[in-house]
Amino acid sequence: MTSDQRVSVPDSIRTNGASPNPWWANAVVYQIYPRSFQDSNGDGIGDLPGITSRLDYLADLGIDVIWLCPVYRSPQDDNGYDISDYRDIDPLFGTLDDMDELLAEAHERGIKVIMDLVVNHTSDEHAWFQESRDKFSDRADWYWWRPAREGHVPGTPGAEPNAWGSYFGGSAWQFDEVRGEYYLHLFSKKQPDLNWENPDLRAAVYSMMNWWMDRGVDGFRMDVISLISKTLDPKGRLPGESGGSIQDGPIGPEGYSDSEPFCSGGPRFDEFLKEMRAAVFSGREGFLTVGEAPGIEADQNRHITNPTNGELDMLFLFDQCNVGHGPKSKWDLVDWDARDLKRALGGHQDAVREVGWTSLFLDNHDQPRAVSRFGDDSTEKLRSLSAKALALLIQMHRGTPYIYQGEELGMTNAGFTELSQYRDLESINLYHQRVDEAHISTPAEMLNSLAHVSRDNARTPMQWDASTYAGFTAPYAPREPWISVNPNKDVINAKAQQRDPDSVFNFVKKLIDLRHTNITLTAGLWDLLDPEDPFVYSFRRSLDEDNDLDTPDDEILVAVNISSHSSRLPEQTAALINGQGDSDSVLLSNYDASSTAASLMLGKLSPWEAFIYRLK
Ligand code: GLC
Ligand code: CA
């Protein structure tokens with residue numbers, strides 16, 4: 001895309017006047033999971049030089065920003081989300097020089113790079129944690145250390161300070177022999193939570209962030225940032241702790257209570273974010289901050305992303321990812337239809353209609369592949385149609401779209417059938433917890449759940465071509481890829497799709513181009529149509545009457561048939577079309593303009609038919 005074709009959006013409209021220079025309002029972000037993107041040295045693990053070697057592919061796709069998952073020094077207990085040195089690169093991925101090179105080469109192509117920032121916790125191998133194990137050190141208070149529950153022998157079952165379970169299975173507390181106390185870890189026991197109540201710790205985090213900004217990164221995606229402020233009673237005790245005045249939540253089927261109500265969006269959350277904004281970003285320009293925010297509601301998102309509050313540019317909310325999950329846990333699968341997606345995504349849109357912003361995504365490194373989960377990967381034809389339909393659906397909402405590596409090819413779930421194929425600690429731990437300890441799933445049930453929900457579904461190597469290891473690593477490489485390549489690389493791969501004008505890749509490329517060039521799609525209001533229709537998800541995009549734009553403004557209809565059968569055009573959508581179907585008004589369709597025009601005249605959408613239609 002040449003910059004002269006690209007529409008520039010006036011400040012006033014991008015975030016309804018509240019934010020200066022929100023360049024990210026018509027940007028598209030591409031997420032890279034470095035381990036699985038491109039291996040350059042044959043050790044079977046993706047790395048920084050590998051990413052640099054693929055920048056031309058990303059430039060061809062047309063994305064504006066890379067979100068790079070963690071590449072810092074790390075014992076790799078949770079694939080880099082356990083950091084032992086924030087100011088170094090893990091040798092698995094390369095060196096600081098390789099990082100500088102990636103930044104320079106990306107910037108050269110007009111692509112910005114934001115890094116993952118994991119500051120709810122560190123690795124237990126981080127020097128801060130090692131020092132903190134000594135009660136008398138300066139960093140004694142940088143983590144959540146607590147004595148055993150009253151009347152219990154430290155280190156014995158039931159002596160944990162409260163009943164919180166970890167997201168990755170088991171108790172959220174680990175006894176440390178050296179200190180003679182427990183430390184809190186909401187994730188694995190190798191990921192102790194940092195104590196944000198301590199001002200020195202906060203200053204150390206901001207200083208590290210400034211170090212990276214000065215080095216040339218363009219901002220951060222902030223890992224589980226919503227969990228940094230924990231609820232405390234007036235005496236500083238956590239819920240459920242001995243002698244404290246706040247009760248812990250009820251015990252769930254796995255034997256633990258849920259920490260999220262007490263940790264997500266906690267009492268000092270806004271204060272910490274404002275402090276961070278001032279300490280790291282004031283005086284800087286052209287950056288992007290996006291916070292991963294499990295547990296945060298759409299209304300809180302409006303507050304946090306309202307630029308006048310000086311917190312974050314946007315958040316990842318998860319309602320759409322929870323569609324199809326049972327009420328108790330994501331491992332219980334339930335039926336869903338388009339209405340669930342409309343409620344989840346529509347709720348996000350409605351909350352920021354006046355002010356604030358939202359990010360748009362279905363896929364990431366923690367989610368199963370969207371095409372397998374919400375689409376239909378049972379035949380090659382349906383896979384391709386539904387991958388395009390979902391991409392169109394998500395990108396045509398108002399907000400900043402995120403594409404996860406391979407999503408632009410319609411990559412599918414891994415298809416693993418045995419536990420030994422999995423690498424993710426969450427998948428492996430939860431299998432044992434549910435099957436062997438709590439006896440709430442049979443092995444077959446849990447393998448079925450993993451096949452649908454495991455994070456490893458998104459972590460198989462990027463499919464570049466049809467060679468033995470899909471071009472992720474050389475066919476003669478000394479080490480096999482760290483996780484198996486999906487055998488469907490023979491059909492689904494970048495090389496084939498770049499050449500095929502009808503591929504998912506070329507369709508996504510057109511979507512990105514539309515976002516860059518059509519002002520209504522970037523900035524226009526979003527209005528849901530036919531909320532109760534279970535199959536067709538449709539909405540209208542239009543500019544505010546009193547916009548101050550001199551570009552022509554369209555009124556646009558977006559409709560997607562979220563099903564593998566044909567569906568009737570629902571009432572409100574049909575009324576807008578009014579029996580007309582004009583192929584010249586079809587801006588994009590995953591069939592072709594004339595068949596979509598015909599569908600409109602007949603009032604019936606084909607399986608997974610998805611289109612963008614100019615109403616005026
Ligand atoms: C976030 C990351 C996930 C990681 C967890 C703990 O949810 O996206 O991959 O395991 O935080 O850092
Ligand atoms: Ca490598």
Side-chain angles (χ1 to χ4, degrees), residues 31-54 67-72 74-84 89-95 98 115-124 126 166-169 172 184-194 220-228 259-260 263-264 290-296 315-318 321-322 330 359 361 363-368 402 404 423-430 454-459 461-462 469 472-474 477-483:
Q31 181 192 355
I32 293 183
Y33 196 66
R35 225 170 219 276
S36 306
F37 194 63
Q38 177 67 61
D39 177 22
S40 73
N41 62 354
D43 67 355
I45 297 174
D47 45 51
L48 291 174
I51 298 172
T52 305
S53 74
R54 293 293 187 180
W67 148 23
L68 187 64
C69 286
V71 289
Y72 312 88
S74 158
Q76 304 289 325
D77 185 50
D78 185 18
N79 293 353
Y81 282 92
D82 48 317
I83 297 168
S84 56
I89 298 294
D90 196 274
L92 267 187
F93 299 124
T95 62
D98 294 329
M115 282 182 101
D116 223 299
L117 177 83
V118 189
V119 289
N120 173 68
H121 46 265
T122 65
S123 162
D124 64 335
H126 195 291
S166 135
Y167 285 100
F168 292 161
L184 177 69
H185 60 88
L186 294 181
F187 294 89
S188 96
K189 58 175 184 265
K190 289 188 66 63
Q191 295 169 297
D193 278 53
L194 284 164
F220 298 98
R221 173 270 185 186
M222 303 179 183
D223 190 63
V224 290
I225 200 71
S226 56
L227 305 180
I228 58 176
S259 63
E260 207 166 281
C263 297
S264 181
V290 49
E292 189 202 20
I296 296 291
L315 297 181
F316 294 126
L317 305 181
F318 287 94
C321 297
N322 297 333
K330 72 172 183 177
S359 49
F361 73 101
D363 263 316
N364 70 30
H365 67 295
D366 294 328
Q367 301 296 329
Y402 287 71
Y404 176 66
R423 300 286 176 270
D424 172 29
L425 87 170
E426 181 196 44
S427 301
I428 297 168
N429 289 355
L430 266 295
S454 168
R455 309 195 295 178
D456 278 342
N457 285 307
R459 299 178 180 182
M462 176 72 177
Y469 298 129
F472 163 70
T473 193
R479 304 286 283 273
E480 291 195 352
W482 69 279
I483 189 170

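Keep in mind it's a predicted model, so treat the numbers as computed, not measured. Counting starts at 1 for both ligands and their atoms, following the listed order.
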Sub-4.0 Å atoms of ligand 1 with respect to non-hydrogen atoms of [X]:
X: Val224; result: 1 (C), 7 (O), 11 (O)
X: Arg455; result: 3 (C), 4 (C), 9 (O), 10 (O)
X: His121; result: 6 (C), 12 (O)

Could you check whether any heavy atom of Arg221 sits closer than 4.0 Å to an atom of ligand 1, since that is the contact criterion I want to use?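 Checking ligand 1 against Arg221, which is what was asked, there is a heavy-atom contact under 4.0 Å.
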Could a heavy atom of Tyr167 be found less than 4.0 Å from some atom of ligand 1? no
Any side-chain donor-acceptor pair under 3.5 Å between Asp98 and Thr95? yes
With a 3.5 Å cut-off and no angle check, do the side chains of Asn79 and Tyr33 form a donor-acceptor pair? yes
Quick test: of every protein heavy atom, which one is nearest to [atom], and how far off is it to 0.1 Å?
atom: atom 9 (O) of ligand 1; value: Asp366 OD1, 2.7 Å
atom: atom 7 (O) of ligand 1; value: Glu292 OE2, 2.9 Å
atom: atom 4 (C) of ligand 1; value: Asp78 OD2, 3.3 Å
atom: atom 1 (C) of ligand 1; value: Asp223 OD1, 2.7 Å

Under a 4.0 Å heavy-atom limit, does Phe168 contact ligand 1 with its side chain, its backbone, both, or neither?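 Within the 4.0 Å criterion, Phe168 contacts ligand 1 through side-chain atoms alone.
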Can you list everything that forms a side-chain contact (heavy atoms from CB on, under 4.5 Å) with [X]? Sequence neighbours excluded, please.
X: Asp363; value: Arg369, Ala370, Tyr404, Glu407
X: Pro294; value: Val224, Ser226, Glu260, Glu292, Phe318
X: Ser40; value: Asp47, Pro49

Presence of salt bridge, Arg455 and Asp78, under 4.0 angstrom: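 Judged by the 4.0 Å cut-off on N to carboxylate O distance, Asp78 and Arg455 do form a salt bridge.
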Taking the six-membered ring for Trp and the full ring for Phe, Tyr or His, determine whether the centres of Tyr81 and Phe187 are under 6.0 Å apart.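 Aromatic pair excluded; centres sit 6.0 Å or further apart.
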Less than 3.0 Å from the Ca ion (ligand 2) is the window; count the protein N, O or S atoms in it. 5
I'd like to know if the side chain of [X] reaches the main chain of [Y], judged simply by a donor and an acceptor atom lying under 3.5 Å from each other, with no hydrogens or angles considered.
X: Tyr72; Y: Asp116; result: yes
X: Trp67; Y: Arg221; result: no
X: Ser359; Y: Leu315; result: yes
X: Asp193; Y: His121; result: no

